[in-house]
Student: 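One structure, as structure tokens, below. Some questions next.
When a ligand or atom number is given, it counts from 1 through the structure's own listing order.
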Amino acid sequence: MFVDAHNHMDFYKDNLSNAIDSINHSNIKTLGCSMDLESYIFTKKLSEYNKNITPCFGIHPWEAHKNYKDLDKFDDYVKECKIIGEIGLDYYWVLEKEKYPYMNLVFEYFLGKAKKYDKITNIHTKGAEKEVLDYIRKYDLRTPIIHWYSGDLNILKKLLEYGCYFTISVDIGYSKLTDEIVKILPLGRILTETDGPNSLEWINKKYGYPSEVINIVRKISLIKNLQFEEVREKIYDNFNKLKL
Ligand SMILES: [Zn+2]
């Protein structure tokens, strides 16, 4: 059993059946994050035929400005999903400052629901790590999963103290910062992720299937100087502790 705690099943398009084969062949417990309602419904349908996939509902920060008017339609979906995500803030890739109020509005909507329904969240923090930490504290969230953290190491330590889990992504071995983060984090708070097929392409031009998590486990075991099997088991154990 492996873990992909942040993927996007709707990104595979023509390669979807290969991606599902990859998930089933390596037994990868997969959190299928959504960008918006349409992508949640797509992943939810897939999950009906595949027990390895858990659909997560959220509005991605990049899509917030297109969805903020529809928040009152989302309650049933938030209630039914096991994990809320992908949600968050992005002050790095989103350059248009006029979009920020919508990002904050949508993020706070989901945080309020996460608190109300006691849900785990899958959170994007790019360039807004301090703000996300403040929001996590404000809403007193239960075990948030921080997706592909790449910010300040002091904020990382505060998120760790809070009780967050962290997904290590496909840039391990390519990014000095990610390797440093793996060194800092205790194995008991680490999960693995692929973030869809295009993230690996962005790193090394290879199309990323879910089985890439096996390489990530291997690289974590090298950095932490532990056996592959010990790391694999512990990450699966961490995933089970989320009690989905
Ligand atoms: Zn994502």
Student: Using 30° and 60° as the class limits, which term best fits the ring planes of H8 and H6: parallel, tilted or perpendicular?
Tutor: perpendicular

Student: A cation-pi test, strictly: NZ or CZ of K126 under 6.0 Å from the centre of the six-membered ring of Y92 and no more than 45 degrees from its axis. Yes or no?
Tutor: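 Relative to the ring axis of Y92, which defines the angle, K126 lies inside both limits.
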
Student: For the ring pair F110 and F57, is the centre-to-centre distance below 6.0 Å?
Tutor: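 Yes, the ring centres sit under 6.0 Å apart.
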
Student: Do the rings of Y12 and Y209 sit parallel, tilted or perpendicular, given the 30° and 60° boundaries?
Tutor: parallel

Student: Taking side-chain hydrogen bond (donor to acceptor under 3.5 Å, both in side chains) as the criterion, tell me which of T30, T192, T194 meets it with D4.
Tutor: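 It is T194; the other options fail the test.
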
Student: Strictly under 2.8 Å, how many protein N, O or S atoms lie near the Zn ion (ligand 1)? Waters don't count.
Tutor: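 Of the protein's nitrogen, oxygen and sulfur atoms, 4 lie under 2.8 Å from the Zn ion (ligand 1).
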
Student: Using the test salt bridge (Lys or Arg N to Asp or Glu O under 4.0 Å), find all partners of D72 that sit at least two apart in sequence or belong to another chain.
Tutor: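 Checked D72 against salt bridge (Lys or Arg N to Asp or Glu O under 4.0 Å); zero matches.
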
